[in-house]
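Read the structure below first, then the notes.
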Amino acid sequence: MATRSTSSSTSEPASTRPPPPFVEVAPSVYEIPTSYRSDMRVPARIFASPETLPGLLADHSVEQLVNVTTLPGIVGAACGMPDMHEGYGFPVGGVAATALPDGVISPGGIGFDINCGVRLLVSNLEHKAIAARVEGLVHELSRSVPSGAGRGGRWSFAGKKLDRILEGGAGALVREHEVGTASDLEAIESGGALEGADASAVSERARQRGADQLGTLGSGNHFLEVQVVDEVFDEGAAGRLGLVVGRVAVLVHSGSRGLGHQVCTDHVRLMDGVMQRYGIHVPDRQLACAPLSSPEGQQYFAAMCAAANFGFANRQLIAHLVRDVFRRMFGERDGFLRLIYDVGHNTAKIEKYEGKKVCVHRKGATRAFGPGSRDVPAAYRDIGQPVFIPGSMGTSSFVCVGTEHGSEASFGSTCHGAGRQMSRTAAKKKVTGQALRKELEGRGIVIRCASNAELAEEAPAAYKDVDRVVDVVAAAGIARKVARLRPLGVVKG
DNA sequence: ATGTTC
C-alpha cells in the first residue's frame, strides 16, 4: 500500500534541517535551483515574502515541492503558492506541469478531494436591510444543506443518471433535473464539465459512496458562508462582477465528497503497483504516478475528470438549495442569487504553454487565467478570470482576477485560501470548539455546525494570515485584488 | 479532504 511516505527525511521535524538555498528571482518569487539536489529536473519556485517564507519552512512542504521537481516530464518549475502546506506527497498549494504525451500524471498532485472548489453567488440585498434576519437565514441554510462527514442528502443518483452527471457535470443537473439555469453554466470553469470524463472509469465503490452525496457540504474546511462585500479595491473589475459594498453574497466551498476520495484511493493504489514497470523512481511513494499516455494514466485521467464533474454538480445542487432558501425568505426578485463564478482548486487539466500541451496539476491552487483568455467567460474576458480566496472560518475572503503574467510565472494559477499553519490535531489541542464558537458569536458571526470538535480544527489560529497570502500573489503579479468580503454567518460540517 | 486504518 502506498499510504505511508517512504522518504526518510520526512520523519524528522522540518525545523531541525538547514533550509534549502533560496534565490529571489523576482519580487515575492523565490527559487531553489536544480543544483540543490541531484534528482531535481527543474527548479522549485515559491511565491512568498520575507514575512511568509519562514512559515513555509515550518513543515515539510518545501521538501515535498523539491520532490515534485523530480517527476518525469515536468517542465518549467514546480510552483508553491504562498498558502502552501504539507499534503499527501505533493504540498497543498502546489502546481506542476508535465509535458504530453509521456510526462506523468500523479493522483497526489490533484489530491483526495478532486475538484474541491469555490463558487460565489451575489444577491440584490443590502446587508443593512436584512441584518435582523441573518440568524434566521443561516439557520434555514443549515437545515437545507446537509453537512458533516459521511452525510448524504435527499437526492440520490445511480445508474445512467449518475453516468450523465459524471460525464456532463453541472449541465446534467440543469438539463435533466431543473437545477439552476443554462446561464449558470457560462459562469463555471470549463462550463461545469471536463471533457475527458468517462463514467466507466469510476469504480462501483466510488459510485456507491457518492450516490446520495450530491448537494452536501461535507466536513473539514468545507463551508457555506453568508457574506457582505466589505471593501472594493478595483472599482472597474468589481462593477463587472456585480460586487458593490454592502451587498450580501454567498460563498460555497465543497468538492466531490466520498466519490472523489475513492477515485484517488483506487488510482494511487493502481499506480503504486505499476510505477516500476514504467521505470519510474520517485523519492516518496506518495508521489505514485504513471505516464499520462499509459493505460493507468488514461484511466486515472478519465476517472478524475468524472469526479471533477461530480464536484461541479455538487456545488450546482448546493447553490440550488441555497437559492430556494433565499427565495422563500426574501422573494423571487430580492432573493435572486446570481452565480458570479465557480472555480476548482484540485484538478489536472490539459493546457497549452509556449505552444506545447502540458498536464497542469493544481492541488490547493486555483486556476487564474488572465484577460483575453478564451477560457474566461466573455462577460469577464477583459478583466481576467475571477478567483475566490476564502480565509479561514470567520475571517475575510478575497475576490481576485487572474493576470497575463500568471500564465508564465505559475501556469495560470494562484493560491486557494489562507493555508494551514497548524495540523488538525495541533489545532484541537490549542482551542476548543466551544471557545471558538463563543468568539465568533462575540464578533457577530452566526455559526451553525454539526460538530464542535471539527470546528476547532478550522480555528483561524490554525491558518496563515489570508491578508498576507493575498498580498504575496498581488505583489508577484499572479492575481489582482478586486474586493474583500466579510462573513456574516457560517454553515459547516 | 475522507463511511477520519480494507
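For the numbers below, each heavy atom of this structure counts, side chains included, while hydrogens, waters and symmetry mates do not. Chain A is the first sequence line, chain B the second, and so forth, proteins listed ahead of strands; every chain is numbered from 1. Since we're looking at a predicted model, the values are computed, not measured.
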Exercise. Roughly, in whole Å, what's the span from CZ in R205(A) to C1' in dC6(B)?
Worked result: 6 Å

For this session: Would you classify G220(A) as touching base, sugar-phosphate or nothing, given that sugar-phosphate means primed atoms plus P, OP1 and OP2, and contacts are heavy atoms under 4.0 Å?
Result: sugar-phosphate

Exercise. Does the ring center of H177(A) lie less than 6.0 Å from the ring center of F157(A)?
Worked result: yes

Problem set entry | Whole angstrom value for the distance that separates P of dC6(B) from CG of L270(A) | 17 Å

Exercise. What is the distance, rounded to the nearest whole Å, between atom CZ of R269(A) and atom C1' of dT2(B)?
Worked result: 13 Å

Problem set entry | Under the side-chain contact (heavy atoms from CB on, under 4.5 Å) test, residues paired with A249(A) that sit two or more places apart | L120(A), V122(A), L485(A)

Problem set entry | Whole angstrom value for the distance that separates C1' of dC6(B) from CD of Q262(A) | 10 Å

Problem set entry | With V92(A) via side-chain contact (heavy atoms from CB on, under 4.5 Å) - residues at least two apart | H85(A), K363(A), H416(A)

For this session: Check DNA chain B against residues 106-115 of chain A and give the residues with a non-hydrogen atom under 4.0 Å, in numerical order.
Result: F112(A), D113(A)

Exercise. Taking CD from E204(A) and P from dC6(B), how many angstroms apart are they, rounded to a whole number?
Worked result: 19 Å

Exercise. Given dT2(B), dC6(B), dT4(B), which nucleotide is nearest the side-chain atoms of H222(A)?
Worked result: dT2(B)

For this session: Ignoring backbone atoms, test whether S219(A) places a side-chain nitrogen or oxygen under 4.0 Å from the OP1 or OP2 oxygen of dT2(B).
Result: yes

Seminar exercise, completed: Applied to residues 300-318 of chain A, the salt bridge (charged side-chain N to carboxylate O under 4.0 Å, His left out) test, sequence neighbours excluded, yields R315(A)-D342(A)

For this session: Select base, sugar-phosphate, or nothing to describe what E454(A) touches, counting heavy atoms under 4.0 Å on all strands.
Result: base

For this session: For the side chain of R257(A), starting at C-beta, report the closest nucleotide among dC6(B), dT2(B), dT4(B).
Result: dT2(B)

Exercise. How is R151(A) classified with respect to the nucleic acid when contacts are heavy atoms under 4.0 Å: base, sugar-phosphate, or nothing?
Worked result: nothing

Problem set entry | Distance in angstrom units between D212(A) CG and dT2(B) P, rounded | 13 Å

Problem set entry | Check ion pair K161(A)-E176(A) (N to O, under 4.0 angstrom) | no

Seminar exercise, completed: Rounded to whole Å, NZ of K428(A) lies from C1' of dT4(B) at a distance of 8 Å

Problem set entry | For Q298(A), all residues meeting side-chain contact (heavy atoms from CB on, under 4.5 Å), sequence neighbours excluded | L292(A)

For this session: Report the residues that fulfil side-chain contact (heavy atoms from CB on, under 4.5 Å) with A474(A), sequence neighbours left out, ordered by chain and then residue number.
Result: none

